[in-house]
Amino acid sequence: RSRLFPLRMDTLEGMSTVQSLGAAASVGLVYVDADHSKARVLEDIRMARRCFPNAVCCGDDWQWPGVRAAVEEYAAESPIRLLVHAHSAENWWWLEPSSVVPVSSLH
């Protein structure tokens with residue numbers, strides 16, 4: 001319980017608030033599960049990665065087209081290579097930095 005930050009506010013405002021309190025370094029996991037539209041999920045993931053770059057970003061509702069599209073788009077646009085782990089039957093996902101060096105960066 002001492003590591004939880006229950007806040008009654010919009011997701012983006014909540015992440016910004018936790019970061020402003022100086023707690024960003026202690027955040028190890030950000031669970032995205034608010035709006036299911038592609039635009040909002042993508043915005044939540046981008047904010048989570050900006051505020052808490054060392055935290056695991058994960059969520060559920062992988063079966064929702066907007067959630068899946070946002071997670072895949074963020075992984076594709078990320079400045080670091082990310083692997084998307086997902087399970088459609090159990091309906092979860094998470095993003096993991098890849099240790100694999102992209103071929104294009106070897107030239």
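In what follows, residues are counted from 1 in the order of the sequence shown.
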Problem set entry | Listed partners of E90 passing salt bridge (charged side-chain N to carboxylate O under 4.0 Å, His left out), at least two apart |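 By the salt bridge (charged side-chain N to carboxylate O under 4.0 Å, His left out) rule, E90 matches no residue at all.
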Exercise. Does W64 have any ring pair (Phe, Tyr, Trp, His ring centres under 6.0 Å) partners at least two apart in sequence or in another chain, and if so, which?
Worked result: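 W64: ring pair (Phe, Tyr, Trp, His ring centres under 6.0 Å) contacts with H36.
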Exercise. Are L7 and L12 linked, directly or through other ILVMFWY residues, by side chains that come within less than 4.5 angstrom of each other?
Worked result: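 As far as the 4.5 Å side-chain criterion goes, L12 and L7 are connected within one cluster.
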Problem set entry | Hydrophobic cluster membership, I80 vs V56, 4.5 Å side-chain cutoff |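 I80 and V56: separate clusters.
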For this session: Considering non-hydrogen atoms only, spot the tightest contact between S88 and R68 and give its length.
Result: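 Taking S88 first and R68 second, the nearest heavy atoms are CB-NH2, 4.0 Å.
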Exercise. Taking all non-hydrogen atoms of both residues, which atom of C51 and which atom of Q19 are closest, and how far apart?
Worked result: SG-OE1, 3.4 Å
Exercise. With sequence neighbours left out, which residue pairs that include part of residues 23-42 fulfil the salt bridge (charged side-chain N to carboxylate O under 4.0 Å, His left out) condition?
Worked result: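 The answer is D10-R40, K38-E73, R40-E43.
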Heavy-atom distance under 4.5 Å between the side chains of [X] and [Y], does that happen here?
| X | Y | result |
| --- | --- | --- |
| W93 | N91 | no |
| V27 | V18 | yes |
| E96 | L82 | no |
| L95 | L83 | no |
| E72 | V67 | no |

For this session: Could you tell me whether a side-chain N or O of S78 sits under 3.5 Å from a main-chain N or O of A75, the two making a donor and an acceptor?
Result: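 Checking the backbone N and O of A75 against the side chain of S78, no donor-acceptor pair under 3.5 Å is found.
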For this session: May I ask you to decide if E13's main-chain N or O and S16's side chain share a donor-acceptor pair within less than 3.5 Å?
Result: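 Side chain of S16 to backbone of E13, a donor-acceptor pair under 3.5 Å: no, none is there.
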Exercise. Atom SG in C58, atom OH in Y31: separation rounded to 0.5 Å?
Worked result: 6.5 Å
For this session: Measure the spacing between SG of C57 and CE of M47 and express it to the nearest 0.5 Å.
Result: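 Separation between the atoms: 12.5 Å.
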Exercise. Excluding sequence neighbours, so at least two apart, what forms side-chain hydrogen bond (donor to acceptor under 3.5 Å, both in side chains) with R46?
Worked result: E77
Exercise. Restricting to pairs with a member in residues 8-28, which pass ring pair (Phe, Tyr, Trp, His ring centres under 6.0 Å), not counting sequence neighbours?
Worked result: none
Problem set entry | Residue pairs involving residues 68-88 (criterion ring pair (Phe, Tyr, Trp, His ring centres under 6.0 Å); sequence neighbours excluded) | H85-W94, H87-W92
